[in-house]
Amino acid sequence: MSKLSGKTAVITGGTSGIGFATAQLFLKEGAKVIITGRNPQAVEEAVINLGTGAHGIVSDTANMAHVNELPERIKAISTKVDVLFVNAGVGLFAPFEQTDEALFDANLDINFKGAFFTVQKLLPLLPDGASVILNTTILVHSGLATASAYSASKGALLSLGKTLAIELAERKIRVNCIAPGPITTPLYGKMGMPEDALNEFAAGVQAKVPLKTFGQPEHIAQTALFLASSDSAYVTGAEISVDGGKSMAF
Ligand SMILES: NC(=O)c1ccc[n+]([C@@H]2O[C@H](COP(=O)([O-])OP(=O)(O)OC[C@H]3O[C@@H](n4cnc5c(N)ncnc54)[C@H](OP(=O)(O)O)[C@@H]3O)[C@@H](O)[C@H]2O)c1
């Protein structure tokens, strides 16, 4: 029996990287999957590549009008959302003194404000016993120069996960966080770093990972499947690091 048969999963930011890999795995496990993304062409291509059972909605997490209308658009596809993977996010880095309001807002609006209201607006569609998964980062627990706005946005998301785990427990809705370490996805190419600097940065990060390699999106997808399914029936308010040991290494 597939782990998610009969379930509907919504994955925000499902057009690439971790979200796309998770959509692939959830479909394989029998779920109906609805992905979101802000780029219409990327959403269309992702849905075609995902195949049967996949649906796409063009929706910008940073746009409150889009977030407000998301429940109605989902209702045209499914009457319920059993699994909500709040994954859409950006990693926009800059030295603290050069972090202007636009960079601050982009990180916070997408990674935290959008995530906050996505869960709030979709809550009426979540049946009792649903699973909410928030994609944070291991950087919440350590300092990385240039990551002040990004890390703070994810720290706020981790905090939200803990509060919601308590508030929603009455309805047996479980809320958990996945904290990825360095995962090979297109995210890094969107940071605005020149290729040489990016390669140097990646090599430096990899050297500090005990398992000496970047993780793959599928590693996060497998963890999301655990949290989405009844395998994790007694897990709520947790944060699972998937990081090759990076967050505990001295
Ligand atoms: N890769 C890592 O090492 C790593 C580590 C820790 C945490 N994470 C977290 O993992 C999540 C997924 O990132 P990824 O690494 O898989 O990167 P990715 O390949 O760039 O995927 C990010 C996804 O989010 C979507 N997205 C971005 N802004 C959006 C918005 N305003 N509205 C709707 N969708 C939006 C992107 O689509 P469009 O841009 O096309 O709209 C894309 O589908 C992020 O929250 C990230 O912070 C990643």
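One-based numbering, in listed order, for ligands and for the atoms of each.
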(message) Looking at ligand 1, would Lys154 count as a contact under a 4.0 Å heavy-atom criterion?
(response) yes
(message) Tell me whether Thr163 contacts the main-chain N or O of Ser159 through its side chain, where contact means a donor paired with an acceptor under 3.5 Å.
(response) yes
(request) Considering heavy atoms of the protein only, find what lies nearest to atom 19 (O) of ligand 1 and give residue, atom and distance to 0.1 Å. (result) Ser16 OG, 2.5 Å
(message) Under 4.0 Å from a heavy atom of Asn87: which atoms of ligand 1 are those, numbered in the order shown and with their elements?
(response) 10 (O), 11 (C), 12 (C), 44 (C), 45 (O)
(request) Evaluate whether atom CZ of Phe104 has more than 12 neighbouring non-hydrogen atoms of other residues, nucleotides or ligands under 6.0 angstrom away. (result) no
(request) For ligand 1, indicate whether the residue Thr136 contacts it via side chain, backbone, both or neither (heavy-atom separation under 4.0 Å). (result) backbone
(request) List the closest protein heavy-atom neighbour of atom 14 (P) of ligand 1: residue, atom name, distance to the nearest 0.1 Å. (result) Thr185 OG1, 3.4 Å
(message) Checking side-chain contact (heavy atoms from CB on, under 4.5 Å) between Ile74 and each of Ile34, Thr36, Thr79, Leu84, which is the one that passes?
(response) Ile34
(request) Indicate, as side chain, backbone, both or neither, the part of Asp60 found under 4.0 angstrom from ligand 1 when only non-hydrogen atoms are considered. (result) both
(request) Count the heavy atoms belonging to other residues, nucleotides or ligands that lie under 6.0 Å from CD of Glu200, then report whether that count exceeds 12. (result) no
(message) Polar contacts were defined as any N/O atom of the residue lying under 3.5 Å from an N/O atom of the ligand; does this apply to Thr61 and ligand 1?
(response) yes
(message) For the NZ atom on Lys154, are there more than 12 heavy atoms of other groups (residues, nucleotides or ligands in this structure) within a distance under 6.0 Å?
(response) yes
(message) What protein heavy atom lies closest to atom 3 (O) of ligand 1? Include the residue and the distance to one decimal.
(response) Tyr188 OH, 2.6 Å
(request) Do me a favour and list the nearest non-hydrogen protein atom to atom 34 (N) of ligand 1 with residue, atom name and distance? (result) Ala88 CB, 3.6 Å
(request) Check Pro182 against ligand 1 and report side chain, backbone, both or neither, counting heavy atoms closer than 4.0 Å. (result) backbone
(message) So is Thr36 touching ligand 1 or not, going by heavy atoms under 4.0 Å?
(response) no
(message) Can you confirm whether Lys28 is buried at NZ, in the sense that more than 12 heavy atoms of other residues, nucleotides or ligands lie under 6.0 Å from that atom?
(response) no
(message) Evaluate Ile183 for polar contact with ligand 1, using N/O atom pairs at a separation under 3.5 Å.
(response) yes
(request) Distance to 0.1 Å, residue and atom name: give those for the protein heavy atom nearest to atom 37 (O) of ligand 1. (result) Thr15 OG1, 3.3 Å
(request) Can you label the angle between the Phe201 ring and the Phe93 ring as parallel, tilted or perpendicular, going by 30° and 60°? (result) perpendicular
(message) Please verify the inter-ring angle class for Phe214 with Tyr188; under 30° counts as parallel, over 60° as perpendicular, anything in between as tilted.
(response) perpendicular
(request) Output the list of atoms in ligand 1 that are nearer than 4.0 Å to some heavy atom of Ile110, sorted by atom number. (result) 28 (N), 31 (N)
(request) Please name the residue in the list Thr12, Val86, Asn87, Ile11 that meets the side-chain contact (heavy atoms from CB on, under 4.5 Å) test with Asn135. (result) Asn87
(message) Counting only nitrogen or oxygen atoms and a 3.5 angstrom limit, does Gly13 reach ligand 1?
(response) yes
(message) Under 4.0 Å from a heavy atom of Pro186: which atoms of ligand 1 are those, numbered in the order shown and with their elements?
(response) 19 (O)
(request) For Asp231 and Lys3, work out which heavy atoms get closest and say how close. (result) OD2-NZ, 2.6 Å
(request) Could you find the nearest protein heavy atom to atom 22 (C) of ligand 1 and give me its residue, atom name and distance? (result) Gly89 O, 3.7 Å
(request) May I ask you to identify, for Ser59, whether its side chain, its backbone, both or neither come under 4.0 Å of ligand 1 on a heavy-atom basis? (result) backbone
(request) Identify, by atom number and element, the atoms of ligand 1 in contact range of Lys190, meaning under 4.0 Å from any of its heavy atoms. (result) 18 (P), 20 (O), 39 (O)
(request) Give a yes/no on ligand 1: does Gly181 have at least one heavy atom closer than 4.0 angstrom to it? (result) yes
(message) I'd like to check which ligand 1 atoms, numbered from 1 as shown, lie under 4.0 Å from a non-hydrogen atom of Gly17.
(response) 16 (O), 19 (O)
(request) Would you mind checking which non-hydrogen protein atom is closest to atom 17 (O) of ligand 1, with the distance to 0.1 Å? (result) Leu187 CB, 3.3 Å
(message) Nearest 0.5 angstrom please: Thr118 OG1 to Lys113 NZ, how far?
(response) 11.5 Å
(message) Heavy-atom contact check, 4.0 Å cutoff: does Thr12 meet ligand 1?
(response) no
(message) Take a 6.0 Å sphere around CD of Glu44 and say whether it holds more than 12 heavy atoms from other residues, nucleotides or ligands.
(response) no
(request) Heavy atoms only: give me the nearest Ala149-Leu108 pair and the separation to one decimal. (result) O-CD2, 3.7 Å
(request) Nearest 0.5 Å please: distance from the CZ atom of Phe117 over to the CG atom of Asp109. (result) 10.5 Å
(request) Answer with side chain, backbone, both or neither: which part of Tyr150 has a heavy atom less than 4.0 angstrom from an atom of ligand 1? (result) side chain
(message) Checking contacts here: is it the side chain or the backbone of Phe214 that comes within 4.0 Å of ligand 1, counting heavy atoms only? Could be both or neither.
(response) neither
(request) Kindly say whether Phe226 contributes a backbone atom to a donor-acceptor pair with the side chain of Ser232 at under 3.5 angstrom? (result) yes
(message) Return the closest protein heavy atom for atom 16 (O) of ligand 1 as residue, atom name and distance.
(response) Ile18 N, 2.8 Å
